[in-house]
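Right, one structure below, let's go through it.
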Amino acid sequence: MTQAFRRAKGGRIDRSRTLSFSFDGKSYAGHPGDTLASALLANGVHLVGRSFKYHRPRGILTAGSEEPNALVGVGRDDAHYTPNLRAPQVELYDGLVSESQNRSPSLTRDYAAINDVFWRFIPSGFYYKTFMWPKKAWTKFFEPRIREMAGLGRSPKTPDAARYAQRFAHCDVLVVGAGPAGIAAALSAAKTGARVILCDEQAEPGGALLAEPDAMIDGVSAAQWLQGALAQLAAHKNVRVLPRTIAFGYFPHNLIGLAQSLTDHEGERDDAKPRGRLWQVRAGEVIIAAGAIERPLVFPDNDRPGIMLAEAARIYLERYGVLPGQRALIFTAHDGAYRTALALHRAGCEIAGIVDLRPKADGPWVEAARQAGLEVHAAATVTATRGRLRLTGATIAPIKGGSAIEVACDTLLMSGGFTPSVHLFSQSRGKLVFDATLDAFLPGAPAEACRVVGSAAGLASLQEALESGAEAGGGGTRHQAANAPVAQGGFIGVVPYHGDPGAVRAFLDYQNDVTAKDVMLALREGMQSVEHVKRFTTNGMASDQGKLSNMNALAIMSAVLHKPVPAIGTTTFRMPYTPVPFGYFAGYARGELFEPARRTAIDGWAAAQGAVFEDVGLWKRARYFPRGAEDMHKAVARECAAVRQGVGIFDASTLGKIEVVGPDAAEFLNRMYINAWTKLAPGKLRYGILLREDGFIIDDGVIGRISDTRFHVTTTTGGAARVLGMMEDYLQTEFPELNVWLTSTTEQYAVIAVQGPKARAVVAPLVEGADLSAEALPHMSMVECRVAGVPARLFRVSFTGELGFEINVPADYGQAVWEALMACGQPHGITPYGTETMHVLRAEKGYIIVGQETDGTVTPDDVGYGGMIGKAKPDFVGKRALARKAFAAQTNRKQLVGLLTDDPALLLDEGAQIVADPTQPKPMTMLGHITSSYWSETLGRSIALALLRDGRARTGERLHVPQHDGTARVTVVSPVFYDPEGARLNG
Amino acid sequence: MLLIPCPYCGPRPEIEFAYGGEAHVVRAADPRQVDDAGWTEFLYFRNNPRGDHAERWRHAFGCGRFFNVKRNTYTDQIEASYRIGETRP
Ligand SMILES: [Zn+2]
């Protein structure tokens with residue numbers, strides 16, 4: 001438990017407390033303020049993962065969210081496990097349990113590392129080619145193998161024990177990034193009285209200031225200035241500072257998605273508290289102060305454990321008091337690495353030399369290094385590295401050629417300069433402009449109300465960062481930085497190499513295991529577009545999103561294609577900026593809350609009776625009411641018989657209901673529905689069909705005229721909202737001259753259907769104020785009365801073909817009226833039935849279900865309802881479309897028919913096709929398809945409805961229906977199987 | 001998520017609205033006077049510009065009203081919103 005690489009003092013960690021944690025089952029010690037990465041490094045652990053494709057040993061490369069190698073799984077058990085966390089972002093807590101990924105059985109002995117031996121045979125795009133042949137090998141061999149090998153972390157198998165919160169927020173200024181530029185911007189904006197949100201991905205706000213021992217700001221040390229600035233912001237009531245919060249996505253109109261981690265750092269976290277919170281912030285202005293990301297240098301075997309970015313090493317030293325190793329070689333094209341070298345040298349780490357790619361190494365940083373006695377190799381490069389599980393040495397050679405020297409080192413710190421983090425700006429669809437002096441894409445013209453400040457805008461100095469932030473904030477604040485000399489330089493592309501470039505691997509994208517050679521191969525294969533190269537090589541894909549790899553890949557393309565970088569362009573930066581656990585997006589929408597269930601007033605009663613429910617849209621509907629050990633088939637047979645022979649009761653409350661009111665209500669319905677409404681007398685019902693403007697059926701339902709100016713419109717269960725929306729559309733935009741009001745009343749009424757020869761005997765005793773006799777209340781009429789003492793709209797209507805009533809009562813009284821009807825029906829053997837029985841009964845009568853017999857290409861005439869069209873009406877929705885010659889010319893449209901199988905016990909498959917000759921060669925000529933198929937207890941045989949080409953003219957024809965288990969022989973019949981004269985429903 | 005200015009309620013988030021397709025597609029007062037080609041055009045043909053687009057939205061989970069919006073389909077920026085019947089700005 002010794003932290004051999006921890007310095008005795010320095011950094012922002014609390015040495016008075018020791019935390020214990022484990023990595024791959026081994027225990028280590030760290031301190032509060034550590035990340036998992038800094039604590040591992042303090043213990044001398046660099047080897048933390050195996051690479052994605054070649055399973056090469058990999059170490060910690062960065063100190064931030066851009067980390068491509070140190071991806072770990074964290075969590076005490078499966079329900080608290082999160083894979084693919086970046087170790088530099090995992091805050092250390094006592095008892096933290098972590099493990100490496102993508103290795104079997106262990107990091108030091110990984111069988112799949114065989115991929116690294118055969119690397120020549122699995123270049124980019126190999127999966128596009130190799131697995132094409134033979135066909136069967138894909139499912140039997142390749143796919144299972146690839147699935148086993150692919151991916152990095154493992155998904156937990158248990159549901160996430162954590163819960164997640166979500167919040168909307170509005171502000172005048174959202175500042176992303178709490179480094180010097182972001183803090184200056186927030187201070188400045190706060191001064192104007194603006195509502196400010198300042199968010200930062202790290203546990204501690206401060207950004208670069210957290211590892212800044214030298215600079216002075218406004219006369220005090222950077223650390224003191226930071227402390228004061230944060231205190232000032234905390235004192236502003238209009239300012240909210242959100243640490244541990246990643247701005248992962250920039251959505252239109254300045255909506256920014258933030259993911260705030262709340263309890264991940266608290267150790268054995270309390271599942272009662274939300275683990276994280278998703279913020280949706282609508283900002284007046286967004287100030288992006290996202291900083292810059294250091295680039296790796298692309299040289300042979302630049303991925304061994306012990307190889308790290310130079311600035312990252314300095315951060316580990318200054319912020320965490322950790323040395324990266326005992327002897328470090330510096331390889332750079334940027335002054336920043338000299339700063340690292342000097343700091344490490346002062347801290348007691350041996351410097352094996354500074355290899356500078358630049359032809360003339362000079363300037364104050366180089367001078368300082370030389371004065372400190374560090375050896376600088378100017379115009380030189382690193383041509384090789386050694387060491388399997390940890391770096392042991394490297395080869396230095398002059399760029400212009402000449403004798404190479406070998407150096408021993410356990411650490412190599414590299415810097416190719418810095419790439420401004422333009423991801424969010426690019427997500428906002430702002431234009432990127434290439435800056436040739438910085439070799440970087442910088443934010444250009446914005447598409448949203450946003451500004452980019454600090455190093456994200458390519459500004460290198462602390463003074464410029466503070467100034468740009470203060471100016472963007474608009475508060476006129478000023479800051480003065482001192483003792484912060486600018487570090488300059490940079491390099492993009494592959495470093496000069498004299499050997500055979502095909503024989504070495506220089507990694508561009510560590511996370512996706514993409515090498516410089518892969519990009520060159522993509523170009524040889526003919527890819528020219530940066531987007532194609534990205535997909536062929538997977539460079540910059542997944543969570544990396546080009547953070548480390550983008551500029552180096554573009555520079556390689558530029559060199560090979562002989563085009564300047566801006567002519568190559570850059571790939572789109574996708575959200576999220578860093579991965580966000582799914583739980584943040586799901587938020588409260590889990591389990592019961594995933595989708596709100598709609599339940600009728602009678603739902604509780606049905607549940608208590610043991611009904612089996614089905615989902616219809618969001619509704620829960622009773623499907624059947626099994627008795628004893630009945631299965632669905634037996635229950636439905638019994639329910640059907642009860643309705644046909646006695647009386648059944650059915651909950652029809654889910655039917656959509658729209659109250660259409662006003663002096664022009666009848667005219668409005670004339671224009672919407674195909675039927676004629678003007679002459680429908682109050683107290684009468686009519687079955688209405690609604691078309692879309694293209695002439696096809698979209699909905700149907702019974703409509704009652706309550707009075708001259710009031711209609712009770714019913715719609716299908718699933719179509720209620722759509723129909724109301726469509727009616728509103730026409731009323732508001734096409735027929736604004738009509739004086740009509742539309743109100744959804746679906747949930748205001750419970751609807752109870754009482755159906756069967758004994759229906760009148762059950763209902764009549766409960767009715768006050770109405771005569772239910774066939775003469776007073778014939779089929780398709782209605783009356784307002786009281787049922788069981790409750791005001792009701794009583795419809796004489798039938799969807800079963802039997803004498804029937806549908807009783808509409810206020811929903812609050814639904815169950816009371818239902819129970820009164822049950823009691824009254826007891827002597828008559830009243831039987832509750834569900835949707836399955838309803839379907840069988842209506843199919844026996846040939847009544848269509850919109851969405852089952854129709855599919856959006858069916859006209860009224862197709863289902864035999866052409867006669868319902870109000871011929872005298874000048875116009876209704878869909879009328880003009882039906883009058884098109886294209887319709888008139890069609891002689892073989894699919895029409896609704898009934899089908900009877902030769903074998904009365906055989907049930908046809910719904911959706912099965914109908915053919916004339918089952919022996920014809922494939923592809924067969926298909927004449928139509930089965931839309932509904934049921935066992936009819938009433939008829940003692942199976943029945944089916946179908947849409948069949950020229951179907952009505954085929955009555956009596958014998959056809960075939962190929963099924964999954966053989967071909968059925970069928971005869972075409974009328975779709976009305978039962979009581980075609982309608983004697984029963986008129987009873 | 002867009003921020004859509006409802007002419008009746010003010011700016012509201014997109015989730016409160018339902019999209020209603022291209023605006024100013026006129027349904028003839030007397031469809032019988034329109035020939036088949038004209039009606040087919042009305043039924044099926046819509047503009048799909050990269051740039052300025054006049055489109056209908058309904059404030060479905062708000063005031064319920066239909067209105068028109070002038071939106072740039074490339075930048076998503078909304079230049080104007082106006083009531084049904086008002087001329088396109
Ligand atoms: Zn509104």
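Hydrogens, waters and symmetry mates play no part in the numbers below; they use all other heavy atoms, side chains included. Predicted, not measured: the structure shown is a model, and the values here were computed from it. Each chain gets a letter, A, B and so on, in the order its sequence line appears, and its residues count up from 1.
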Inset, instruction - Tell me, for Ala721(A) versus chain B, whether the close heavy atoms (under 4.5 Å) come from the side chain, the backbone, both or neither. - result: neither

Legend entry - Residue Tyr44(B) excluded, over 12 heavy atoms near OH under 6.0 Å: yes

Inset, instruction - Please look at Arg429(A) and chain B and tell me whether the side chain, the backbone, both or neither of the residue comes under 4.5 angstrom of a heavy atom of that chain. - result: side chain

Legend entry - Separation between CE of Met1(B) and CZ of Phe168(A), rounded to the nearest 0.5 Å: 5.0 Å

Legend entry - Short N-O contact, Arg880(A) and Asp36(B), less than 4.0 angstrom: yes

Legend entry - Neighbour count >12 (heavy atoms, 6.0 Å) for atom CZ, Phe585(A): yes

Inset, instruction - Below 4.5 Å from any heavy atom of chain A, which atoms of Arg65(B) appear? Answer side chain, backbone, both or neither. - result: both

Legend entry - Winner by heavy-atom pair count (cut-off under 4.5 Å) against chain A, out of Thr40(B), Asp30(B), Leu2(B), Thr75(B): Leu2(B)

Inset, instruction - Give, as side chain, backbone, both or neither, the part of Leu3(B) having an atom under 4.5 angstrom from any heavy atom of chain A. - result: both

Inset, instruction - Ignoring hydrogens and angles, tell me if any N or O in the side chain of His253(A) forms a donor-acceptor pair with the backbone of Pro13(B) under 3.5 Å. - result: no

Legend entry - Value rounded to 0.5 Å, distance of CG in Asp694(A) from CH2 in Trp39(B): 11.0 Å

Inset, instruction - Would you mind checking which part of Arg27(B) comes under 4.5 Å of any heavy atom in chain A, side chain (CB onward), backbone (N, CA, C, O), both or neither? - result: both

Legend entry - Asp729(A) portion near chain B, given a 4.5 angstrom heavy-atom threshold: both

Legend entry - Proximal component of Ile84(B), with respect to chain A [non-hydrogen, under 4.5 Å]: side chain

Inset, instruction - Step through the shown structure and confirm whether more than 12 heavy atoms of other residues, nucleotides or ligands are within 6.0 Å of CG on Asn48(B). - result: no

Legend entry - Closest contact, heavy atoms only, Phe66(B) versus Thr733(A): CB-CG2, 3.9 Å

Inset, instruction - Would you confirm whether Glu728(A), through its side chain, and Ala60(B), through its main-chain N or O, come within 3.5 Å as a donor-acceptor pair? - result: no

Inset, instruction - Look at Arg58(B), Glu14(B), Gln77(B) and state which one has the largest set of heavy-atom pairs under 4.5 Å with chain A. - result: Gln77(B)

Legend entry - Contacting moiety of Tyr74(B), where chain A heavy atoms sit under 4.5 Å: both

Inset, instruction - Measure distances from Phe887(A) to the heavy atoms of chain B and classify the residue's part below 4.5 Å as side chain, backbone, both or neither. - result: neither

Legend entry - Heavy-atom proximity to chain B below 4.5 Å, by part of Arg692(A): neither

Inset, instruction - With the side chain counted from C-beta on, respond yes when Leu43(B) and Glu693(A) share a heavy-atom pair under 4.5 Å apart, and no when they do not. - result: yes

Legend entry - Non-hydrogen side-chain atoms of Arg32(B) and Pro874(A) separated by less than 4.5 Å: yes

